[in-house]
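Worksheet: the structure to be examined is printed underneath.
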Amino acid sequence: MIFKELKIKGVYLISPEPYKDKRGLFRRHFCAKEFKKKNIEFKVRQSNISENKFLGTLRGFHYQKYPFQEAKTLSCIRGKFYDVVVDLRKNSKTYKKWVSVTISSDNRKMLHVPKGCANSFMTLKNNTIIHYYCSQYYNPKNEKGIRYNDPTFRFKWPIKPKIISNKDINHKNFVD
């Protein structure tokens, strides 16, 4: 596994090192030893799959308040998605900054989002399936969100969102 840290500390784009032969392809999807080599403490407590029927489906931004903050590692099982990570760690040099990447079943990359960051994704193909590992159990009482078009951040999306849940579209403007 090849880890490339992005412009926000702890956010990694992870590329597999697949083994290919006449049978097909084999790759590791998660390896605690590889994460530990990069000083990423990541104990998987929950694994989720998001099935999205339509291109332009937007989910997020989601995060959980302290002490229920969660790290996530996302990958694309089928299709393609655009992911945005925003740093909400007040003591970070990149506080309120964001980065984006495109993940697809073709490029086989993964994205690691550290605790203290919010994450959102938009599908770029119909029938996109996203798998993600979480370091914390879902805790709805401590869940928070940021609207995809919050003026505080000026997020850039590759296309206009077509499908957004009522919960995600109705988040208030971000306040420190």
Carboxylate-amine/guanidinium proximity below 4.0 Å for Lys96 and Asp176: yes
Pairwise distance CD1(Ile169) to CD1(Ile163) - rounded to 0.5 angstrom: 12.5 Å
Closest contact, heavy atoms only, Gln69 versus Gly116: NE2-CA, 3.7 Å
His112 and Ile14, any side-chain heavy atoms less than 4.5 Å apart: yes
Thr57 side chain to Thr123 backbone, donor-acceptor under 3.5 Å: no
Validation: residues 143-150 side-chain donor-acceptor distances under 3.5 Å, sequence neighbours left out:
unit_1: Glu143; atom_1: OE1; unit_2: Tyr138; atom_2: OH; d: 2.9
unit_1: Glu143; atom_1: OE1; unit_2: Lys167; atom_2: NZ; d: 3.1
unit_1: Glu143; atom_1: OE2; unit_2: Lys167; atom_2: NZ; d: 3.2
unit_1: Arg147; atom_1: NE; unit_2: Asn149; atom_2: OD1; d: 2.6
unit_1: Arg147; atom_1: NH1; unit_2: His171; atom_2: O; d: 2.6
unit_1: Arg147; atom_1: NH1; unit_2: Asn173; atom_2: OD1; d: 3.3
unit_1: Arg147; atom_1: NH2; unit_2: Asn173; atom_2: OD1; d: 2.5
unit_1: Asp150; atom_1: OD1; unit_2: Thr152; atom_2: N; d: 2.7
unit_1: Asp150; atom_1: OD1; unit_2: Thr152; atom_2: OG1; d: 2.9
unit_1: Asp150; atom_1: OD2; unit_2: Phe174; atom_2: N; d: 2.5

Approximate separation, where rounding is to 0.5 Å, of Ser75 OG and His131 NE2: 6.0 Å
Residues in side chain to side chain contact (heavy atoms under 4.5 Å, CB included) contact with Lys33, at least two apart in sequence or another chain: Cys31
Shared hydrophobic cluster, Val101 / Leu74 (ILVMFWY, side-chain heavy atoms < 4.5 Å): yes
Path from Leu124 to Leu58 over hydrophobic side-chain contacts below 4.5 Å: yes
Test item: Asp83 side-chain N/O and Phe121 main-chain N/O as donor-acceptor pair under 3.5 Å: no
Shortest non-hydrogen separation from Val99 to Leu6 and the atoms involved: CG2-CD1, 4.2 Å
Shortest non-hydrogen contact between Cys76 and Ser104, atoms and distance: CB-C, 3.6 Å
No-hydrogen, no-angle side-chain donor-acceptor test under 3.5 Å, Arg59 and Ser165: no
Considering all heavy atoms, the nearest Gln136-Pro67 contact: NE2-O, 3.9 Å
Distance in Å, Ile40 CD1 paired with Phe35 CZ, rounded so as to fall on 0.5 Å steps: 5.5 Å
Single-linkage hydrophobic cluster Leu55~Ile77, side-chain heavy atoms < 4.5 angstrom: no
Ile103-Ile8 co-clustered via ILVMFWY side chain contacts under 4.5 Å: yes
Electrostatic pair Lys43-Glu41, nearest N-O below 4.0 angstrom: no
Side chain proximity check, Asp21 to Phe26, heavy atoms < 4.5 angstrom: no
Phe30-Phe42 aromatic ring centre distance below 6.0 Å: yes
Ser100 side chain to Val84 backbone, donor-acceptor under 3.5 Å: no
Glu17 with Arg27: basic N within carboxylate O range, under 4.0 Å: no
Flag, side chain of Asn52 to backbone of Phe54, donor-acceptor distance under 3.5 Å: no
From Gln64 atom CD to Cys134 atom SG, the distance as rounded to the nearest 0.5 Å: 8.0 Å
Note, Lys37 side chain near Phe3 side chain (heavy atom, < 4.5 Å): no
Steps toward side-chain contact (heavy atoms from CB on, under 4.5 Å) verdict (Tyr63, Asn119): CA-CA 7 Å; Tyr63 64 102; Asn119 179 71; over 6 Å; no
Side-chain donor/acceptor of Gln46 to backbone N/O of Ser135, under 3.5 Å: no
Donor-acceptor contact present, side-chain Arg78 to main-chain Ile129, <3.5 Å: no
Nearest heavy atoms of Lys156 and Tyr82, plus distance in Å: O-OH, 2.9 Å
Any donor-acceptor N/O pair, Asn170 side chain to Asn166 backbone, under 3.5 Å: yes
Side-chain donor or acceptor of Asn139 paired with backbone N/O of Tyr137 under 3.5 Å: no
Exercise: identify the closest heavy-atom pair between Met122 and Lys160: CE-C, 4.4 Å
From CG (Asp87) to NZ (Lys97), nearest 0.5 Å: 10.5 Å
Met110 vs His29, side-chain contact (heavy atoms from CB on, under 4.5 Å): CA-CA, chis, key distance, verdict: CA-CA 9 Å; Met110 296 183 293; His29 199 252; 4.1 Å; yes
From Ser120 atom OG to His62 atom NE2, the distance as rounded to the nearest 0.5 Å: 7.0 Å
Stepwise side-chain contact (heavy atoms from CB on, under 4.5 Å) test for Ile130 and Thr128: CA-CA 7 Å; Ile130 299 164; Thr128 293; 4.0 Å; yes
Shared hydrophobic cluster, Phe81 / Leu111 (ILVMFWY, side-chain heavy atoms < 4.5 Å): yes
Listed partners of Phe155 passing ring-ring contact (aromatic ring centres under 6.0 Å, His included), at least two apart: Phe61, Trp98, Phe153
